[in-house]
Amino acid sequence: MTRRKKTRSLADKVQIRTGRRKDYKKWRHENPDQVTSSTRYTQKKRQQRKIQAARKLARQEAGQPIAIHPERKPPDTDQGGAES
């Protein structure tokens, strides 16, 4: 008796008739409501996004501000106008 390889793959958890990869892909396409990511995967990705956002914010705060659009002075309204 051979041992089964440990896997976190969803393909092994789904009982379909033939067990072929293309059959699983077809089943997954036809049943999107039954296919969900594992909680371990979603927690990992959420943590990665938090870390990425924190790093981006740190880079923005550490960088030098550059004046791409400097503040403009509003045009003077009391010089020259169509006032009588």
Side-chain angles (χ1 to χ4, degrees):
M1 186 171 124
T2 59
R3 294 188 310 171
R4 282 187 65 156
K5 181 182 173 188
K6 282 187 178 180
T7 180
R8 288 191 224 113
S9 162
L10 187 61
D12 294 339
K13 297 176 185 171
V14 175
Q15 296 296 321
I16 56 176
R17 191 166 54 89
T18 62
R20 289 187 179 169
R21 184 177 182 88
K22 69 176 187 178
D23 292 335
Y24 170 67
K25 287 175 76 175
K26 182 180 176 193
W27 174 87
R28 186 176 63 183
H29 185 73
E30 292 170 353
N31 301 288
D33 54 329
Q34 295 182 34
V35 180
T36 58
S37 299
S38 68
T39 54
R40 179 184 176 121
Y41 177 81
T42 52
Q43 287 174 350
K44 178 182 174 183
K45 289 297 171 187
R46 188 179 301 127
Q47 185 65 24
Q48 285 177 346
R49 289 186 189 108
K50 276 186 199 173
I51 292 169
Q52 184 181 22
R55 286 180 183 157
K56 181 178 180 181
L57 191 62
R59 279 197 312 271
Q60 286 178 349
E61 290 173 353
Q64 295 178 351
I66 57 173
I68 296 174
H69 298 289
E71 294 296 321
R72 296 183 187 172
K73 295 179 184 175
D76 294 332
T77 53
D78 37 342
Q79 290 181 355
E83 295 177 357
S84 50

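Numbers here are sequence positions counted from 1.
When every heavy atom of Y41 is checked against every heavy atom of S37, the shortest pair comes out as CD2-CB, 3.8 Å.
Contacts classified as side-chain hydrogen bond (donor to acceptor under 3.5 Å, both in side chains) and involving residues 46-63 (residues at least two apart or in different chains) are given here: K45-Q48.
A side chain to side chain contact (heavy atoms under 4.5 Å, CB included) with V35 holds for exactly one of H29, R28, E30; it is R28.
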